[in-house]
Peer 1: 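What follows is a structure written as C-alpha cells; I'll ask about it next.
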Amino acid sequence: MISATPSVFDASLSRSGGAGIDAFVDRHAPNVDYTYYGAGKVALRDGLDGLVEPGENVLVPAYLSPAVVEPFCDLGLEPRFYAIEETLAPDFADLESRIDDDTVAVMSVNYFGFPQPGLERLASLTNEYDCYHIDDNAHGPISVADGTLLGTHGDLGFTTLRKLLPVPDGAILYRVADEAKATFSPSPLAGSADRIAATDCRFVTTSAAETALGPLYQSIESMLDDGADDPSSVDPGARYEATKAPMSKLTAMVTDAADPDTIRAARRENYRTWQQVLADREDITMFYERLPEGISPYEFPVRARDSDAFLAALHDCGVVGAHTWPILRESVFEADGYDTATRLSQEVVTLPVHQGIEPTAIETAGKRLQQ
Ligand SMILES: Cc1ncc(COP(=O)(O)O)c(C=O)c1O
C-alpha cells in the first residue's frame, strides 16, 4: 500500500550530527530570522501583523486551498485572488489589474515543493508597487532552488512541517526583510509546547495502527470519516481557528531528529521512480519533467485527462494516498476569470513520494497499472 503520509516510525529520523531542521535552515538561510508555529496559517498571521492595517488587501493565487486566506481575514485584510497560467505562474496582467493603493502584499506559492514560475517578475512587481512579497512555501520545507531556501524569497514566508515529516502539526515563519524582522512581535501561539500532550500520544497511536493495519486501517478511517473530503463540509474559518495552538512537543522532537538530506534524497528517488513508471501513459501529463538539484518534492503532480478514472486505477493498485488538489474556495471555483485554476483543481492528481515509501513499491504499483 502506498499511503499519503510518512509514518512516525520511519528510519529517516536519526540523531546523526548536523541533522535536524534547525541546522538545515541555519545552513541555507543564515541571515533569516525564524520561529516555529503550530500551523503555517498562524505563522503567516503573526508575521504580517506588524506590517499591515485593517482595510488593506493582499493578492493571492486563485489556485489555493480555501483556508489559506483566513489569516488575512483575521487581520482585517481583504484577500484578492489573481488568476494563474497553466504553468502555475501568475497571470501577470490579471494580477496587476487587481493592485490598487490599498494593496499591502502579494503572495506567491511554491507548488508541490518547486519554486512558483515567475518568482523574479513577481519580486520586481512588488518592488515597483512598494508592497510586501510573501513566499508561501507550505509544500517544500527543505527545497533549495539556485541556492535559496524556498520560503525565504521575498520579505517574509513560511513553510509547513506536516507536509514533510510524520508529525501532527508544525510550521516555520521566516522573516527576511529588515522591516519584517523589526516589526515582529510573537503572539502566545509562537513556539512549541514544552510537554507531550494527549494529542501527541493519539497521533503516535494512529501512526502505529496505520503501519500495522495497512489498507484495513484506511478503510476503517474512511468508514469513520465525517466527510472531510466533501467540499461542502469544508469550513475554512473553523479549520483556521482549530490550528491556533503552538507547535506540539512531538513535532519539536521529530523536527530535531529528522535528517533533511536523507529525506530529500528519498523523496527525489521516489519522484524519479513515478516519472519512469508513468512515462508511457497517454492519459496523463507530468507537471515538472525536470527535478532540479536541491528540490525536495512534496508530491508527484500530474494532469489527468480523467482524474476520477486515474485515481480509481491507482487505488486498485494499492496507491491510496493519491488525490486531486486543491479544493478551491467557493468564491473562486468556476467563477469568471478563474477557468485555469478551476480546471487544474479538477485535473491535477498528486501521488505520494514521501520517505516512508520504498521505490520498489512504486515500481510494483506501476507494473499493476500497466496490466
Ligand atoms: C499552498 C498552501 N499554503 C498554505 C497552507 C497552510 O498551511 P498550514 O496547514 O500549515 O496552516 C497550505 C495547507 O495545506 C497550503 O497547501
Side-chain angles (χ1 to χ4, degrees), residues 4-5 21 34-48 58-75 79 81-82 84 88-90 105-117 119 133-143 150-151 153-154 156-174 187 189-190 192 203 228-229 231 234-248 251-252 254-255 287 296-299 301 321 323-329 332 341 344-345 348 350 352 354:
T5 49
I21 299 296
Y34 65 96
T35 305
Y36 286 100
Y37 278 87
K41 293 184 283 294
V42 182
L44 177 57
R45 199 216 82 92
D46 267 22
L48 268 183
V58 180
L59 269 59
V60 301
Y63 188 62
L64 197 64
S65 305
V68 182
V69 297
E70 290 298 324
F72 304 130
C73 305
D74 199 5
L75 293 169
F81 293 95
Y82 63 81
I84 54 150
L88 300 179
V106 180
M107 188 165 92
S108 54
V109 175
N110 302 313
Y111 297 103
F112 312 116
F114 293 72
Q116 183 176 13
L119 267 181
H133 174 192
I134 305 166
D135 188 11
D136 174 340
N137 188 45
H139 293 182
I142 52 170
S143 270
L150 294 192
H153 283 102
L156 73 159
F158 65 95
T159 200
T160 298
L161 297 167
R162 203 165 38 78
K163 311 243 185 229
L164 176 76
L165 300 168
V167 290
D169 59 7
I172 308 176
L173 168 68
Y174 299 118
S187 74
L189 301 171
S192 56
F203 181 82
D229 286 340
V234 175
D235 174 356
R239 282 205 168 185
Y240 170 56
E241 289 303 322
T243 61
K244 284 190 170 173
M247 186 165 91
S248 67
T251 302
V254 174
T255 300
F287 237 98
S296 170
Y298 168 39
E299 287 172 322
H323 54 88
T324 53
W325 192 88
I327 293 169
L328 296 180
R329 204 160 167 101
V332 169
L344 289 177
S345 75
V348 171
T350 67
H354 63 77

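Both ligands and their constituent atoms are indexed starting at 1 by order of listing. In this text the structure is predicted, and so the values were computed from the model without any measurement.
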Peer 1: Please determine, by modelled atom types, if Thr5 and His354 share a side-chain donor-acceptor pair under 3.5 angstrom.
Peer 2: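 No.
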
Peer 1: Using only heavy-atom distances, determine whether the side chains of His139 and Thr160 contain a donor-acceptor pair under 3.5 Å.
Peer 2: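 Note: His139 and Thr160 side chains miss the donor-acceptor criterion.
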
Peer 1: Can Phe158 be said to touch ligand 1, with heavy atoms closer than 4.0 Å?
Peer 2: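 Right, Phe158 reaches ligand 1.
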
Peer 1: Does Tyr111 form a ring pair (Phe, Tyr, Trp, His ring centres under 6.0 Å) with Tyr63? I'd like the steps, not just the answer.
Peer 2: CA-CA 10 Å; Tyr111 297 103; Tyr63 188 62; 5.3 Å; yes

Peer 1: Using a 3.5 Å cut-off on N or O atoms only, is Gly40 in polar contact with ligand 1?
Peer 2: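 Yes.
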
Peer 1: Backbone, side chain, both or neither: what part of Phe112 comes under 4.0 angstrom of ligand 1, heavy atoms only?
Peer 2: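 Within the 4.0 Å criterion, Phe112 makes no contact with ligand 1.
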
Peer 1: Where the side chain of Asp135 meets the backbone of Gly157, is there a donor-acceptor pair that is under 3.5 Å apart?
Peer 2: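 No, the answer is negative, given that no donor and acceptor are paired below the 3.5 Å cut-off.
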
Peer 1: With heavy-atom distances below 4.0 Å as the criterion, list the atoms of ligand 1 near Trp325.
Peer 2: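 Near Trp325, meaning under 4.0 Å from one of its heavy atoms, ligand 1 has 16 (O).
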
Peer 1: Of the choices Ala171, Ala67, Ala138, which has the non-hydrogen atom that lies closest to atom 12 (C) of ligand 1?
Peer 2: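 Comparing heavy atoms across Ala171, Ala67, Ala138, the nearest one to atom 12 (C) of ligand 1 lies in Ala138.
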
Peer 1: Tell me, please: is Val68 in heavy-atom contact with ligand 1, that is, under 4.0 Å?
Peer 2: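 It does, in that a heavy atom of Val68 comes within the 4.0 Å cut-off of ligand 1.
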
Peer 1: Using a 4.0 Å cut-off to any heavy atom of His139, which atoms of ligand 1 qualify?
Peer 2: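 The atoms of ligand 1 under 4.0 Å from a heavy atom of His139 are 1 (C), 15 (C), 16 (O).
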
Peer 1: Would you find a donor on one side and an acceptor on the other, under 3.5 Å apart, between the side chain of Ser143 and the backbone of Ser296?
Peer 2: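 Yes, Ser143 side chain to Ser296 backbone: donor-acceptor pair under 3.5 Å.
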
Peer 1: Would you check if Val254 and Leu161 make a side-chain contact, meaning some heavy-atom pair closer than 4.5 Å?
Peer 2: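 Contact flag for Val254/Leu161 side chains = no.
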
Peer 1: Going by the atom numbers of ligand 1, which of them fall below 4.0 Å from some non-hydrogen atom of Thr160?
Peer 2: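 Close to Thr160: 7 (O), 8 (P), 10 (O).
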
Peer 1: In terms of atom number and element, which parts of ligand 1 are under 4.0 angstrom from non-hydrogen atoms of Arg162?
Peer 2: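 Close to Arg162: 8 (P), 9 (O), 10 (O).
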
Peer 1: Can you tell me which residue and heavy atom of the protein come closest to atom 14 (O) of ligand 1, and the distance to 0.1 Å?
Peer 2: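 Result: Lys163 NZ, 2.8 Å.
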
Peer 1: Just to be sure I'm reading this right: ignoring hydrogens, which of Val109, Asp136, Asn110 gets closest to atom 3 (N) of ligand 1? Compare them by their nearest heavy atoms.
Peer 2: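 Among Val109, Asp136, Asn110, the closest heavy atom to atom 3 (N) of ligand 1 comes from Asp136.
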
Peer 1: Tell me whether ligand 1 is touched by Tyr111 - counting only heavy atoms on the residue side and a distance under 4.0 Å.
Peer 2: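 Contact check Tyr111 vs ligand 1: negative.
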
Peer 1: Holding to side-chain hydrogen bond (donor to acceptor under 3.5 Å, both in side chains), I want the full list of residues that pass it with Asp169, two or more places apart in sequence or in another chain.
Peer 2: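 With neighbours one apart ignored, the set is Ser248, Thr251.
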
Peer 1: So does Val69 get a backbone contact from the side chain of Tyr240, meaning a donor-acceptor N/O pair under 3.5 Å?
Peer 2: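 Side chain of Tyr240 to backbone of Val69: no pair is present.
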
Peer 1: Closest non-hydrogen protein atom to atom 6 (C) of ligand 1, residue and atom name please, with distance?
Peer 2: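 Checking every protein heavy atom, the shortest distance to atom 6 (C) of ligand 1 gives Lys41 CG, 3.7 Å.
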
Peer 1: Using a strict cut-off of 4.0 Å, indicate which atoms of ligand 1 neighbour a heavy atom of Ala39.
Peer 2: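 Under 4.0 Å from Ala39, ligand 1 has these atoms: 10 (O), 11 (O).
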
Peer 1: Any donor-acceptor pair under 3.5 Å linking the side chain of Asn110 with the backbone of Gln116?
Peer 2: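 Yes, because the side chain of Asn110 sits within donor-acceptor range (under 3.5 Å) of the backbone of Gln116.
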
